[in-house]
Number of protein chains: 2
Amino acid sequence: MLPFQEFKKRMAPSIEIICRDIIQENKGVISVKKEAVAVKNMMRILDAVFSLNREKGFETMTLRDLSRKSGLSMGALYSYFPGKEELRSMILRRGVAYTREVILAQAGTCTDPAEKLKVAIETHLYLSEALRPFFYFAYMEASSLSKREKRRAMEDELTTEQIFLDILEEGVASGDFDCPEVDLVAALIKAVLQDWYLKRWKYKRKGITVEQYARFVVGFVSSRLTLDR
Amino acid sequence: MLPFQEFKKRMAPSIEIICRDIIQENKGVISVKKEAVAVKNMMRILDAVFSLNREKGFETMTLRDLSRKSGLSMGALYSYFPGKEELRSMILRRGVAYTREVILAQAGTCTDPAEKLKVAIETHLYLSEALRPFFYFAYMEASSLSKREKRRAMEDELTTEQIFLDILEEGVASGDFDCPEVDLVAALIKAVLQDWYLKRWKYKRKGITVEQYARFVVGFVSSRLTLDR
DNA sequence: GTCTATATACCGATAGAC
DNA sequence: GTCTATCGGTATATAGAC
């Protein structure tokens, strides 16, 4: 089992990389052209957004709050995003992309279904730990999205779940897993993984590390899947 | 296993009862004195709040939205709650109270730990199904509360979890359950129960009923708890 | 590229007629 | 008890100086 710190160093994108990717992806609506300047300020914006999101939620956060906390003026902020809603979208889109990429890359290194499931669970937990502000933001903001964006958020939920469903079905087909309700198990795994980043305070209070939690989840699910063997 | 419809009819409070309880509990700040009138309008307010909460979130909802949807004027609304934040609190407080009361009452009818656990899980799922708008509201609004209220929401989370923890520990003590990590299992149960009302669209899409989900969760958890016997 | 100053709109809340 | 009309405050967003 890869220690979390090792994973974070090698596999998780840094805030700097994330900001560069966001800028790259939204060149059309960002008027600042020097990448070095843009990245530096985007990092301050993201930090401030995540901090304010944790304190009071994105909805309640005003652009004046964001201006104050990031150190950029109201006018300057609008050089980095065309409006408050678009800022939200820019952040969400990137977070979802990383999740899929990293988990699939890691799970792809295994062939044995049980091992693949273990790695997928661990990777999801580790990534959500490394990019916790992202995950928390993505989940919490799902409630106040437009119809169109809510639809996308639902698809994202199913996309992640599908990764686990594929692994489970593969294991059932090969005879490694014994489980009649694969789709419910996949949903359960997703729910339990979400709990880690949504209720971090709870686990922190109990002194549970992400490695311990990963071991528990893998053990709990695996023991059920291989019950009769 | 009690069918959901049976439970709903016998155990769950109706919207009318809920509104009467809310009015009773907040007499001091509600200026409308005729109970029949107050209940009728409070029902329209609650319906509108839950509807708008689902559409756009409580934060984004304006009192003008609420006025339009409920059919009451801005001025009239203020006869039923002293302000937007207080309206939120009034609703949350009641929802939490029902959860605890109903689950403890139902689980109290059993003595066998396995049976008690089964009933507690079923009751939580059934109640969250019957009062889904409440549960969804309570969960979603936990993110944008004041520090003081967030603290209360955290305590509520732990309160529900404690109910399951107590049952698990009782079962371990009596030798009915074999489980070294009771607190993690309790947290897992809570997370999975939450998924039902937070992601109803997902389960609806898959055609899963609350009875099926309850059976799955009870089975999944129980099989793990009695693994070596 | 970043700032200050301001336009425009809408918020929560209240006063007072009916 | 419920309404309409309106207050004061603050939001997002922009214009134009530097």
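In what follows, chains carry the letters A, B, and so on, assigned in the order in which the sequence lines appear, proteins first and then strands, with residues in each chain numbered from 1.
Residue A:Ser73 is classed as a base contact, given a heavy-atom separation below 4.0 Å to a base. Counting non-hydrogen atoms under 4.0 angstrom, B:Tyr80 reaches the backbone sugars and phosphates but no base.
Residues A:Gln194 and B:Lys199 bring a donor and an acceptor atom of their side chains to less than 3.5 Å of each other. If you check the side chains of A:Gln162 and A:Lys190, you find no donor sitting under 3.5 Å from an acceptor. Neither side chain, A:Tyr136 nor A:Asn53, offers a donor N or O lying under 3.5 Å from an acceptor on the other. Looking at B:Tyr80 and B:Asn26, their side chains never bring a donor and an acceptor atom within 3.5 Å of each other.
Rounded to whole angstrom, the span from the CZ atom of B:Arg64 across to the C1' atom of C:dC10 amounts to 7 Å. Distance, A:Leu63 CG to C:dA7 P: 20 Å, rounded to whole Å. One can place CG of B:Leu77 at 14 Å from C1' of C:dC11, the figure rounded to the nearest angstrom. The separation between A:Met74 atom CE and C:dT4 atom C1' is 12 Å, rounded to whole Å. Atom CE of A:Met61 is separated from atom P of D:dA11 by 11 Å (rounded to the nearest Å). In this structure, the CD1 atom of A:Ile23 is 11 Å from the P atom of C:dG1, given to the nearest Å. Rounded to whole Å, atom C1' of C:dT2 lies 16 Å from atom CD1 of A:Ile30. Nucleotide C:dG12 holds its P atom 10 Å from the CD atom of B:Glu85, rounded to whole Å.
Listed nucleotides: C:dC3, D:dA13, D:dT2. Nearest to the side chain of B:Val32: D:dT2. Which of D:dT2, C:dC11, C:dT2 sits closest to the side chain of B:Ser79 comes down to D:dT2. Across D:dC3, D:dG1, C:dT2, the shortest atom-to-atom separation from the side chain of B:Lys34 is found for D:dG1. Closest approach to the B:Ala76 side chain among C:dA13, C:dG1, D:dC3 is made by D:dC3 (side chain taken as heavy atoms from C-beta onward).
Nearest heavy-atom pair across A:Ile167 and A:Ala120 is CD1-CB, 3.7 Å.
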